[in-house]
Amino acid sequence: MTRKKTVYLDNAATSWPKPGSVTSAVRDALKKPFGNPGRGSHSASETAQNAVFGLRESVASHFGSEADRVVLTSNATAGLNYALKGFASTGGHILISDLEHNSVRRPALALERELGCRVDTFRTFGGDPDMILSDIEKKLRPNDTVVVSVHVSNICNITLPIGAIGKLCRDAGCRFIVDASQSAGHRKIDVRDERIDVLCMPGHKGLYGPMGTGLMVFGEAAAREAERIRTTVEGGSGAESEKASMPDALPERLEAGTLNAHGAAGLLAGVEWIKKTGEERIAAHERRLYEEFVGILKTDKRITVYDDGGPGAVVLFNVKGASPAEVGGALDRDGICVRTGFHCAPTAHRTVGTGKDGAVRVSFGYFNTLSEVRFAAERVLSVSRVFK
Amino acid sequence: MNRCTLTVMTRTGASRAVRVLGKAGISSTVVSVDPSLTKNGCGYGVKLDCSKAENAKKTLSGNGITVGDVLVGGI
């Protein structure tokens, strides 16, 4: 029996395949003496430290920051937790959007339970920037609110005006955290221009690094007051070992324990690949695939595409008479990998109005081809005919 | 030629200091420092020619890198 070819359309969960340079970088890092970065002055430790520092420099130059304001995490969720729990104060105010992933919603609700924070939600109105800003303005508490906003939704293409939200927050003396899980590597983001205090992202999605990597990129104002950020994880930092608490300075303040230096080597290759390829080119290719796929799906009236009109490349749909899981299962039998259900974002699903079982999500990557997309779309039409 | 070490708090700060100084034409290398030798417990430093220490300190300060002590001689 010949093996089915995998058509991987779940790049919003993690990207695959990775550029060859990423694979080579991880393999090389695993093969050579790679000591514990920042934990010694011997050559093996220095080799790993150079890889880690190279990643910090590359990320900093790409996102408008400095190397010592780039914190390495295990994923975007970890970064969002460190940032939100680091800034939140007892009885303080947290404002999140109605499109947030559980990586924001759950830590916010935990702070409500544990520190008595008040958690409010601002509406996203299908991405209308004026209405979004007006709603945030009404709900902000000057010098108190920590605002957390997704940049691009993980279930649709609604994009939030983070530059304008950043200005609003800065003028009101509020902290602003951005979840760039679906936009890093697809859109140009600059923490200076957009007045972002902390930009959190995974390394393994749009930046094409390995799983187990993530980043927090700090803006200057928040980094200046790093010693006021409450730490959620404490441990070895390779610096100020006699001290009872974590170092005051970034990035070490938020990097307890050994870093994933092998992953960092791969992520550095991924970030360099993004810089070489360019976000605009990547986004344009993915959008072309999106249009082809949606165009085919819309020929079948039994298929509902939750088309938000945004500029991204995520397609959310349902087939009449079939649950999302049944559609996903049928596609998987043809080697097509998609994600079904609520995508860890139940609030966002309610906002979009998908229904009791969620929906099917297809998300394209730079390495997908038009022929793969046509094949997958035709298979969805076949599934629709089966469930008629 | 005397060698001096400008101490900094973290390993990342030391790496960044070497890069910043390199761009300013000052050659330096990262070294570990015994924290007991410093006033504020810094554990890392950048080693360079003592004649460039003052200029280096100013350059680092201008780039947001705080220097703890200036240690003269070998470590």
Side-chain angles (χ1 to χ4, degrees), chain A residues 35-43 45-61 65-72 216 218-227 236-256 258-259 261 264, chain B residues 3-50 53 55-75:
Chain A
N36 199 323
R39 299 294 196 276
S41 50
H42 53 73
S43 58
S45 173
E46 282 300 299
T47 303
Q49 174 63 24
N50 289 339
V52 167
F53 190 70
L55 172 62
R56 295 192 208 278
E57 280 194 311
S58 182
V59 168
S61 72
S65 187
E66 294 288 348
D68 50 7
R69 290 192 238 135
V70 174
V71 173
L72 275 59
M216 300 169 80
F218 277 76
E220 190 181 0
R224 226 184 293 123
E225 297 178 357
E227 75 279 1
S237 62
E240 301 179 78
S241 295
E242 294 287 347
K243 202 173 163 184
S245 54
M246 292 299 286
D248 289 340
L250 292 175
E252 282 81 357
R253 183 167 183 76
L254 299 175
E255 289 181 346
T258 297
L259 295 175
Chain B
R3 303 292 285 169
C4 286
T5 299
L6 310 187
T7 66
V8 293
M9 296 302 283
T10 65
R11 180 63 181 77
T12 307
S15 289
R16 195 173 155 234
V18 168
R19 286 282 206 277
V20 166
L21 292 175
K23 281 181 190 162
I26 302 170
S27 169
S28 64
T29 52
V30 174
V31 290
S32 293
V33 177
D34 179 349
S36 67
L37 294 175
T38 67
K39 282 184 221 132
N40 56 6
C42 291
Y44 294 93
V46 289
K47 201 168 192 177
L48 41 73
D49 182 345
C50 282
N55 188 18
K57 208 172 159 181
K58 275 185 209 154
T59 304
L60 293 177
S61 170
N63 281 276
I65 301 171
T66 307
V67 172
D69 302 274
V70 179
L71 306 174
V72 182
I75 296 171

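Numbers restart at 1 for each chain; the letters A, B, ... are given by sequence-line order, proteins then strands.
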pair B/Met9-A/Pro247: side-chain heavy atoms closer than 4.5 Å: no
Minimum heavy-atom distance A/Gly38-B/Tyr44, with the two atoms named: O-OH, 3.0 Å
Gap separating the OG1 atom of B/Thr10 from the CZ atom of A/Arg253, nearest 0.5 angstrom: 13.0 Å
Toward chain B, the part of A/Glu57 with a non-hydrogen atom under 4.5 Å: side chain
A/Gln49 portion near chain B, given a 4.5 angstrom heavy-atom threshold: side chain
Heavy-atom closest contact (B/Thr12 atom, A/Pro251 atom, distance): OG1-CG, 3.6 Å
Rounded distance [0.5 Å steps], OG in B/Ser15 versus CG in A/Asn50: 6.5 Å
Chain B contact via A/Arg224 - side chain, backbone, both or neither, heavy atoms under 4.5 Å: neither
Crowding at NZ, A/Lys243 (>12 non-hydrogen neighbours, <6.0 Å): yes
Beyond-backbone contact of A/Arg56 with B/Arg16, side-chain heavy atoms, under 4.5 angstrom: no
